[in-house]
Amino acid sequence: MSRYAEFYRRSIEAPESFWAEQAELIEWKTPPGQILDTSRAPFVRWFAGGTTNLCHNAVDRHLAARGDQAALIAVSTETGTEKTYSFRELHAEVQRVAATLMALGVGKGDRVLIYMPMIPEAAFTMLACVRLGAIHCVVFGGFASASLASRIEDATPKVIVSADAGSRGGKVIAYKPLLDEAMRLSTHQPEAVLLFDRGLAPMDLKEGRDHLAAPLIEQHRDAQVPCTWLDATDISYTIYTSGTTGRPKGVQRDTGGYAVALAASMKHIFDGRPGETYFSTSDIGWVVGHSYIVYGPLIAGMATIMYEGLPTQGLDRQPDGGIWWRLVEKYKVTAMFSAPTAVRVLKKQDPALLGKYDLSSLRALFLAGEPLDEPTARWISEGLGVPIIDNYWQTESGWPILTVANGVERTDSRFGSPGIPMYGYKVKILNESTGEELTGANEKGVVVIESPTPPGFMQTVWRDDERFINTYWKSVPGKLVYSTFDWGIRDKDGYYYILGRTDDVINVAGHRLGTREIEESISGHAQVAEVAVVGVADALKGQVATAFVVPKDGAVLGDAQAALTLEGEVMKQVADQLGALARPARVHFVSALPKTRSGKLLRRAIQAVCEGRDPGDLTTIEDPGALQQVRKAVVPH
Ligand code: AMP
């Protein structure tokens, strides 16, 4: 048996001793009592009775051995700034923010919603929250008011932390008006709003509620705020993700299990060593940003690069397709994490760019978030000359489900496959309608995970245990298994291949969006009678949202100018309410949408037609003419 196979076998057959060993990778105030509690499965509790703190493990723990080494390297090609914080400086910054939050009334269990651009203060705030035992809820800065409002309502934060603005490609995006509108839409109101002013956009402050951060932080310049020791099962954070309904789900994570899972993954999967530099190009608004910009690298004693800006612009704000490689060279990055879309963007640049930099420090490039196509993988692999490691996971899992664990044993990757199941994950492929396990090579089914889920995996849906069970654990008939909602196959050697979602979730540039949310936003337009949104394959972004709208005024159908105007309005409405990422690439107008006789939208048939594929079984369609209209709309002649 190979070394990894044995490692994996132990994690599945003897999870308690396996994870008790991994738990030694972090520092505990009180060592864990019970390693695994499955008495309420599929709810699992890891390391109950043990007390620890994420911030202690990410920051304080390293002060003695590497206090003056780099911890956080903040680079913004939007503002042309670059600053390194040592572990000691990070420790001071985090305590200042923690003291400020305490002064605003934040304590253990309180929610703090963070709506911020990629500035170091965002990481300070996250670390300050977990230091106090407050639950942070980071909302991606690219989301607009309606998305933000639904998250404020659900998280009911005591305090919201934000900034005057973000910036993308030199364009300033003022956050405060979006936040004000979100608070206006929400029934829940925070007690206080803390605002970091970058001097990019003016802010209207509401007396008594809104506070500028700088003077408050100055008051707490020398603050010493000890870590609050939390039970391993106490909540560290929630992060919202899209599903089949318009209402986003708050993925809830624990403290001890998450810390152990990240520490273990840094060792076994990312092979990151203390004193080295890790560079993840994601955003703190996504799970990758939580796990592998902030917590994972810091827990491992590594410096982490936090990057604000496009991959194609330099610090002098001039076009520079080599900026990331420049950073790899300068900071001697050993592990880099990005998404296939970003690599596809870079591929369009001068292919010789990669050769200009000394990239010899780099040991591997990790890519995740969406399927990695072979041409992209080959291009970057040849250019970098290091292993390209695809890894498949979800917001819900917090760390990779499928990949290769080169830290345990060098394992070959296969193009098109993210890899094999990671230790702790009992991955199976099931027939979606019978629940029967598919054990043969290349049989297509739903990818599921059996209980107990490993440390770091979501505990539940925030304040909604029932939704957790009904959504994730009861979707395959007759089996209580966690559904990933992804189709997959496994080859004869055990490598998995992910073939797309089984639900109405689409993946735009590695970001997950629910088509229902976009449909709800479009339905709000006064001239829209009905709408269907599907994800359509796109060479650069993986998928883009495409909308089919039945206008209230049928005249739009025969009037190209009116259709163009309405298309522009619909696109703007989505961008204003949900954010630019969700804006449909096209809006087509039709007089009817393809539905079943029971009135269910045939989204998969619409999607197939858009991608020039066979729409499949149409025996239940109410009006075949409606699908014909979709076909005509996407292929006009
Ligand atoms: P998110 O929760 O936003 O990380 O999205 C998770 C979804 O992204 C998964 O359920 C997959 O559909 C997709 N995904 C993530 N990583 C990969 C990968 N390496 N290959 C294929 N699909 C992926």
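Small disclaimer: the values here were computed from a predicted structure and weren't measured. Order of listing sets the numbers, starting from 1, for every ligand and every atom in it.
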(message) Walk me through whether Thr304 and Tyr292 qualify under side chain to side chain donor-acceptor pair (under 3.5 Å).
(response) CA-CA 8 Å; Thr304 182; Tyr292 299 113; over 6 Å; no
(request) Kindly compute the distance separating CD1 (Ile388) from CZ (Phe366), expressed to the nearest 0.5 Å. (result) 10.0 Å
(request) Would you check ligand 1 and list the protein residues that come within less than 4.0 Å of it by any heavy atom, ordered by chain and number? (result) Gly369, Glu370, Pro371, Asp390, Asn391, Tyr392, Trp393, Gln394, Thr395, Asp486, Ile498, Arg501, Asn507, Arg512
(message) My understanding is that only residues two or more places apart in sequence, or in another chain, count here; which of them pass side-chain contact (heavy atoms from CB on, under 4.5 Å) with Gln252?
(response)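 side-chain contact (heavy atoms from CB on, under 4.5 Å) list for Gln252, sorted by chain: Ile235, Thr238, Gln459, Thr460, Trp462.
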(message) Holding to ring-ring contact (aromatic ring centres under 6.0 Å, His included), I want the full list of residues that pass it with Trp325, two or more places apart in sequence or in another chain.
(response)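 Not a single residue meets the ring-ring contact (aromatic ring centres under 6.0 Å, His included) criterion with Trp325.
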Could you go through residues 368-382 and list every donor-acceptor pair under 3.5 Å that involves a side-chain atom there, pairing it with any protein atom two or more places apart or in another chain?
unit_1	atom_1	unit_2	atom_2	d
Glu370	OE1	Thr341	OG1	3.1
Glu370	OE1	Arg344	NH2	2.9
Glu370	OE2	Thr341	N	2.9
Glu370	OE2	Thr341	OG1	2.5
Asp373	OD1	Arg344	NH1	2.7
Asp373	OD1	Thr376	OG1	3.0
Asp373	OD2	Thr376	N	3.2
Asp373	OD2	Thr376	OG1	2.6
Glu374	OE2	Arg378	NE	3.2
Glu374	OE2	Arg378	NH2	2.7

(request) In plain terms, say whether Arg168 and Glu78 are close enough for a salt bridge, that is, a side-chain N and a carboxylate O under 4.0 Å apart. (result) no
